[in-house]
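Here the structure is laid out as structure tokens; the discussion comes afterwards.
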Number of protein chains: 2
Amino acid sequence: MAMPETTTEVPQDFEALKAAILERKAELPKRLRQVAAYSLDNPDEIAFGTAASIATSAEVQPSTLVRFAQHFGFEGFSSLQQIFRARLRERTPGYEDRLKALSANDHSKLESGSIFNGFVAAAHRSLDNIASSVDPEAFERAVDILAKADTIYLIAKRRSYPISSYMAYAFGKLKVRYQLVGTAAGIDDDMLAMATKNDAAFAVSFSPYASESAAQARLLAERKVPVVSLTDSAFSPLAESSKVWFELVEADHAGFRSLSASMAFAMALTVAIAEKRQRLAEGDQAERNG
Amino acid sequence: MAMPETTTEVPQDFEALKAAILERKAELPKRLRQVAAYSLDNPDEIAFGTAASIATSAEVQPSTLVRFAQHFGFEGFSSLQQIFRARLRERTPGYEDRLKALSANDHSKLESGSIFNGFVAAAHRSLDNIASSVDPEAFERAVDILAKADTIYLIAKRRSYPISSYMAYAFGKLKVRYQLVGTAAGIDDDMLAMATKNDAAFAVSFSPYASESAAQARLLAERKVPVVSLTDSAFSPLAESSKVWFELVEADHAGFRSLSASMAFAMALTVAIAEKRQRLAEGDQAERNG
DNA sequence: AACGGCATAGAACAGGCATTCCATTTTTCT
DNA sequence: AGAAAAATGGAATGCCTGTTCTATGCCGTT
């Protein structure tokens, strides 16, 4: 007999399938592993797509999908797809059900759970807060200033530094020229000395304010470099040096503030700038051609 | 022309379709009303079934389904089906709408406003997602491992770097000994060479994975240094080197992901670790005194 | 009671689907 | 280094799909 007496059971639900895939992923050949990764990362695509469309999206041949399904004991791709569909069927979507799901994972029963819940809740509150406190016109102006800048100087220290370092990463990907200010103390001022009024700066500082950041912002403002800033109080020393500034108070949990809302804000600003830049560039090009 | 000048708009989402069906239900002919009732009672069937299977189930002819779809302005049954599928695709229908409803500040009027709204909504979704996908027991174990560590090594590159830099800031304030790995390339490995099994590491890596991070995590795992990791796929190379790992998929807006949920997670972990350390330290002290 | 118009059923059709098969490449073992 | 085995890509295939079309049934109107 070629067949082993007891074959591994064919997974009957998504969880079992996921477990099976993770267990066997190491021993899978290249393309099948590719499908394995895709299927766990894009389960919805598998549920709704056709074999052809999924194959294209996962950069595989349709036949590979069939083989993949058969490797896990299914008759063909279609029967594997049923698992992915059932997953969506069972999950009752909607707001109320999501809350139930949240309490099903009741973190608060365990010691650290309430901390986790607390920070998630605080982040939600922070997001609600910026949605209503950020003035859309101010946002538009900020985007405008920064999109027109030659080089964007990112000023942030300590608690704000993760925000600017993320923006730096994103700007790099988006091909927007920037300078990250806030690393080695000595170099910073030399860097800023090169800024002209064709550049712009984005400064972030939360209480307790790093005096350096405020000083650097003031320095730039004096030299007519437009400054946009993000801070947590109207009394922030940054405000007076800034053409546009945003007040963003992160909700706290037990006195600790995360940066969830600031991150969302930073990302929105970054992408909005990049998008506007592209539009400006296209306009220039059209002008030159016309 | 027989066509009326302004036809009723074709419903673009499930809510609109539902409203349209309910509104016109009374004036529909018998079989079409039958389909209307069936479609609202068994939306999942419509989403996944074929025209033939649905027709059988609803005791109608397939052609009736097509006519039904056309009555509501769709080109055919297939395009109507898309609405039912989209309903299941969007995990959280509602945040966008909630934000629109919150339109004391109507961001969507201005160009960049929709970008802003989009990122806030995506952040909300991400937070819902971690709340239900992070296993509280795993979280507890992670806290345990990291709280007992002598020094916590923070491994993160590129897009993940802001997370670890924030944790570094917080650990500094909380007097938790740490080493931030991921700055100058040469030094990193020397740093890691000093790690012992009394230490622990927290690694963060999102797709596309920085191969360095995975290699460093593996190195540590081989030397019995316990590793906790945060990643966005079960296929992350980090997973296999880790004692505990978390899968956290940030929702995206227009293809860009922010770090809002990761930040909330990181902060929760950081504070939970610090808190547990304090308790452990108090226990030690009590032991010595008693 | 007979007509006219619309809704319906069911067959026919073309296109797209999942699947299979085989030639080729890649990997593994000798 | 060579041979055997496994994995892969890509075209061929037959089935099943959504849609269209036409004959029939139904109902309200005159």
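Labels below follow one simple rule: chain letters A, B, ... track the order of the sequence lines, proteins then strands, and each chain is numbered from 1.
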Check whether NZ of the Lys or CZ of the Arg B:Arg87 lies under 6.0 Å from the centre of the six-membered ring of B:Phe14 and within 45 degrees of that ring's axis.
yes
For A:Phe171, does the six-membered ring have the charged nitrogen or CZ of A:Arg177 within the cation-pi criterion, i.e. under 6.0 angstrom from the centroid and within 45° of the normal?
no
At under 4.0 Å between heavy atoms, what does A:Leu32 touch on the DNA or RNA strands: base, sugar-phosphate, or nothing?
sugar-phosphate
Measure the distance from CD on B:Glu59 to C1' on C:dT8 and round it to the nearest whole Å.
15 Å
Atom CZ of B:Phe68 to atom C1' of D:dG18: distance rounded to whole Å?
17 Å
If we ignore angles and hydrogens, is there a donor and acceptor under 3.5 Å between the side chains of B:Asp199 and B:Tyr178?
no
Between D:dC16 (C1') and A:Gln81 (CD): distance, integer Å:
15 Å
Have A:Arg67 and A:Gln70 got a donor and an acceptor in their side chains that come within less than 3.5 Å?
no
d(CZ, B:Phe77; C1', D:dT20) in whole Å:
16 Å
Carefully, step by step, assess B:Lys18 and B:Glu15 under the rule salt bridge (Lys or Arg N to Asp or Glu O under 4.0 Å).
CA-CA 5 Å; B:Lys18 187 176 175 182; B:Glu15 289 303 318; 5.3 Å; no
Round to a whole Å and report the spacing from CD1 of A:Ile46 to C1' of C:dA18.
14 Å
Atom CD of A:Gln82 and atom C1' of C:dA18 are separated, to the nearest Å, by 13 Å
Could you pull out all residues at least two apart from B:Phe265 that satisfy ring-ring contact (aromatic ring centres under 6.0 Å, His included)?
B:Phe139, B:Phe246
Rounded to the nearest 0.5 Å, what separation is found between the CD atom of B:Glu247 and the CG atom of A:Leu40?
7.5 Å
Compare the minimum distances between each of C:dA18, D:dT19, D:dT17 and the side chain of B:Thr50, then state the nucleotide with the smallest one.
D:dT17
Between the protein and nucleotides 20-30 of chain C, which nitrogen or oxygen pairs are less than 3.5 angstrom apart?
from: C:dT20; atom 1: OP2; to: A:Gln70; atom 2: NE2; distance (Å): 3.3

Rounded interatomic separation in angstrom, taking CZ from B:Phe74 and P from D:dG18:
16 Å
A side-chain contact here means heavy atoms from C-beta on lying under 4.5 Å apart; do A:Arg85 and A:Phe48 qualify?
no
So which nucleotide from C:dA9, C:dA7, D:dG18 ends up closest to the side chain of B:Pro29?
C:dA7
Tell me whether the NZ or CZ atom of B:Arg158 lies within the 45° cone about the ring axis of A:Tyr169 and under 6.0 Å from its centre.
no
Using a strict heavy-atom distance below 4.0 Å, which residues from residues 33-42 of chain B are in contact with DNA chain C?
none
Rounded distance in Å - CD (B:Gln61) to P (D:dT20)
16 Å
